[in-house]
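Here the structure comes first, spelled out in structure tokens, and everything after it is commentary.
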There are 2 protein chains.
Amino acid sequence: MRREFKKKSNVLLIDDNYEHLVGIRELLNLEGTFDVVGIATNVTVGLNLIKKYQPDIVLLDMNMPDRDGLQGIIEIGKLGLDTKVLALSGYDDADLIFRAMKIGAKGYVLKTMASAQLIYAIEEVLSGKIYLPIALSSRFFEYFQQSFREESSKQDSDEENLLSYLTQREEEVLELLTQGVTYKGVASKLFISETTVKTHVNNIFQKLQVNDRTQAVLYAINNGFLTKKGVSALAR
Amino acid sequence: MRREFKKKSNVLLIDDNYEHLVGIRELLNLEGTFDVVGIATNVTVGLNLIKKYQPDIVLLDMNMPDRDGLQGIIEIGKLGLDTKVLALSGYDDADLIFRAMKIGAKGYVLKTMASAQLIYAIEEVLSGKIYLPIALSSRFFEYFQQSFREESSKQDSDEENLLSYLTQREEEVLELLTQGVTYKGVASKLFISETTVKTHVNNIFQKLQVNDRTQAVLYAINNGFLTKKGVSALAR
DNA sequence: TACCCCATAGACCATGTGGTCTAAATCTTT
DNA sequence: AAAGATTTAGACCACATGGTCTATGGGGTA
């Protein structure tokens with residue numbers, strides 16, 4: 001697992017705290033397997049250095065004043081290089097961890113962590129893996145599941161969800177509405193007359209307590225009408 | 001970290017492979033800190049046992065014939081108990097891992113893993129944490145990031161996204177359309193005449209290559225019009 | 001059997017919506 | 001200054017949409 005025979009990996013550091021920046025550079029230089037090809041105290045400068053040196057990995061501080069660290073990840077990603085981003089932060093903020101991972105960070109480490117763990121994280125990321133310390137990955141998953149719980153609790157709560165009052169046929173009609181189909185279109189697809197479709201649609205409006213098709217479609221989308229099909233397809 | 005002085009934890013096993021079921025039961029009994037309060041070879045029976053014994057944790061096989069393991073997680077969740085679910089599977093299928101975690105599994109372990117690791121996983125989950133073996137968590141994150149990359153690449157690819165051709169004003173109008181507002185409503189909210197709104201709307205249709213407001217709203221939703229505001233709020 | 005729900009469908013009408021054309025005022029860019 | 005884009009707005013028309021009422025036949029239930 002050692003990499004002493006491999007070519008040194010190019011690392012770039014971005015952190016608005018200069019002390020910290022130099023500290024990490026020293027640490028990595030001592031390690032001997034890394035080449036710190038550049039350091040920057042803000043994202044703008046950092047981006048230019050990345051374009052110039054195309055490092056293997058960037059250690060990017062999340063908590064910076066001018067441009068946000070998250071934005072930094074996005075912009076590095078936009079460069080289209082295969083530079084990997086390891087997010088650095090002083091705080092184990094679940095939301096921040098989640099967002100960073102979501103937009104493509106390959107890892108997230110706390111500044112308070114032991115230097116050995118930082119080295120390990122860098123090596124893992126360099127080898128193509130994704131690295132999250134166990135403590136952070138726990139926080140991540142809690143947040144992750146939470147966000148889906150909120151989503152599905154809105155959808156599931158049968159007492160609140162007006163969609164559950166729809167009949168089979170009305171659901172079929174509504175599904176077509178959510179695809180932007182007109183009365184005529186629905187009529188021909190379901191092999192019924194246009195006036196029948198109108199009747200169904202009007203009943204749908206009553207049940208969903210809306211006044212027009214756009215609002216009906218929006219209600220359906222916001223209340224999990226479409227995902228329900230996903231779930232039943234999932235349950236196949 | 002030992003739990004020998006704590007009350008034994010109640011465990012329930014669901015797996016269609018009876019051999020395996022018994023094997024795990026023996027393993028857990030030998031360990032001494034667990035009480036296997038029930039075993040079941042299918043989800044339906046398992047659910048009844050869960051209702052009866054309210055175990056602390058359920059080890060649930062993902063790959064079962066009759067009712068799907070994923071569906072099982074959902075239904076256990078619906079019981080409203082604080083029974084935790086540890087997913088068991090023979091395969092490290094990224095999609096399966098992702099879905100299981102998404103719908104609330106507290107962990108996911110492979111059947112091929114060492115028994116010590118299974119014990120550890122159970123203990124971690126029982127202590128309120130979420131446990132994913134490193135190898136699986138890597139797969140999970142790859143899948144996770146992939147799904148967002150697909151989402152945002154559709155949104156970002158400026159050459160394909162017709163939304164980028166909209167003017168400022170047209171975007172404002174479209175935003176109101178995505179809220180189900182009528183011509184009159186838009187007119188009064190933007191302090192312009194109704195005919196002006198119509199002009200804007202018609203231009204929007206042209207640019208988005210659609211024929212009516214519903215389709216325009218659907219296009220907007222499917223192409224990240226709404227999330228753009230989220231992203232810019234995120235970049236603040 | 002009587003009752004209710006559901007899917008079907010017609011009639012009628014008011015209004016909302018979409019298509020097209022024209023045009024003026026403002027602002028940007030060359 | 002000229003050209004172009006944006007925002008504003010009117011007129012006219014065809015048709016889609018939504019509201020309401022009525023009605024029939026099938027299926028299930030008390």
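Any value given below was found using the heavy atoms of this structure, including those in side chains, with hydrogens, waters and symmetry copies removed. Worth saying up front: this structure is predicted, and the values here are computed from it rather than measured.
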Please work out if A/Thr196 contacts a base, only the sugar-phosphate, or nothing of the nucleic acid, heavy-atom cut-off 4.0 Å. base

Does A/Leu60 reach the side chain of A/Ile76, with side-chain heavy atoms less than 4.5 Å apart? yes

Six-ring centre of A/Phe34, A/Arg25 cation under 6.0 angstrom, axis tolerance 45°: no

B/Ile192, nearest nucleotide to its side chain (from D/dA9, C/dG10, C/dT17): D/dA9

List the atom of A/Val37, the atom of A/Pro55, and the distance in Å for their closest heavy-atom pair. CG2-CB, 4.2 Å

Of the listed nucleotides (D/dG18, D/dT8, C/dA7), which one gets closest to any side-chain atom of A/Arg169? C/dA7

How many Å lie between CG on B/Leu166 and C1' on D/dT7, as a whole number? 15 Å

Nearest whole Å is fine: how far is C/dT17 P from B/His200 NE2? 16 Å

Euclidean distance, atom CG of residue A/Asn202 to atom C1' of C/dC13 [Å, nearest integer]: 13 Å

Aromatic ring centroids of B/Phe141 and B/Phe98 under 6.0 Å? no

What is the separation between atom CD on B/Gln215 and atom C1' on D/dT17, rounded to the nearest whole Å? 15 Å

Which of these nucleotides, C/dG10, D/dT17, C/dG19, is closest to any side-chain atom of B/Phe205? C/dG19

Name the closest nucleotide to the A/Lys184 side chain, picking from D/dA16, D/dG18, C/dG18. D/dA16

Within-4.5 Å side-chain heavy-atom neighbours: A/Asp15 and A/Leu59: no

Given C/dG18, C/dA7, D/dT17, the nucleotide with the shortest approach to the side chain of A/Glu170: C/dA7

Return the nearest nucleotide to the side chain of B/Thr182; candidates are D/dG10, C/dT17, D/dG18. C/dT17

For atom CD1 of B/Ile204 and atom P of C/dT17, their distance in whole Å: 13 Å

Interatomic distance where CG belongs to B/Asn203 and P belongs to D/dT7 [whole Å]: 9 Å

Grab the CG-C1' distance between B/Asp212 and C/dG16 for me, whole Å please. 13 Å

Would you mind telling me which of C/dC6, C/dT8, D/dG10 lies closest to the side-chain atoms of A/Thr199? C/dT8

Give a yes/no answer on whether the side chain of A/Thr167 brings an N or O atom under 4.0 Å of OP1 or OP2 in C/dA7. yes

Hey, is the side chain of B/Tyr183 poking within less than 4.0 Å of OP1 or OP2 on C/dT15, counting only N and O atoms? no

Between P on C/dG10 and CD on A/Glu194, what's the gap in Å once rounded to a whole number? 10 Å

Would you state whether a donor and an acceptor, one from the side chain of B/Lys198 and one from the base of C/dG19, lie under 3.5 Å apart? yes

For A/Thr195, which contact category applies under a 4.0 Å heavy-atom criterion: base, sugar-phosphate, or nothing? base

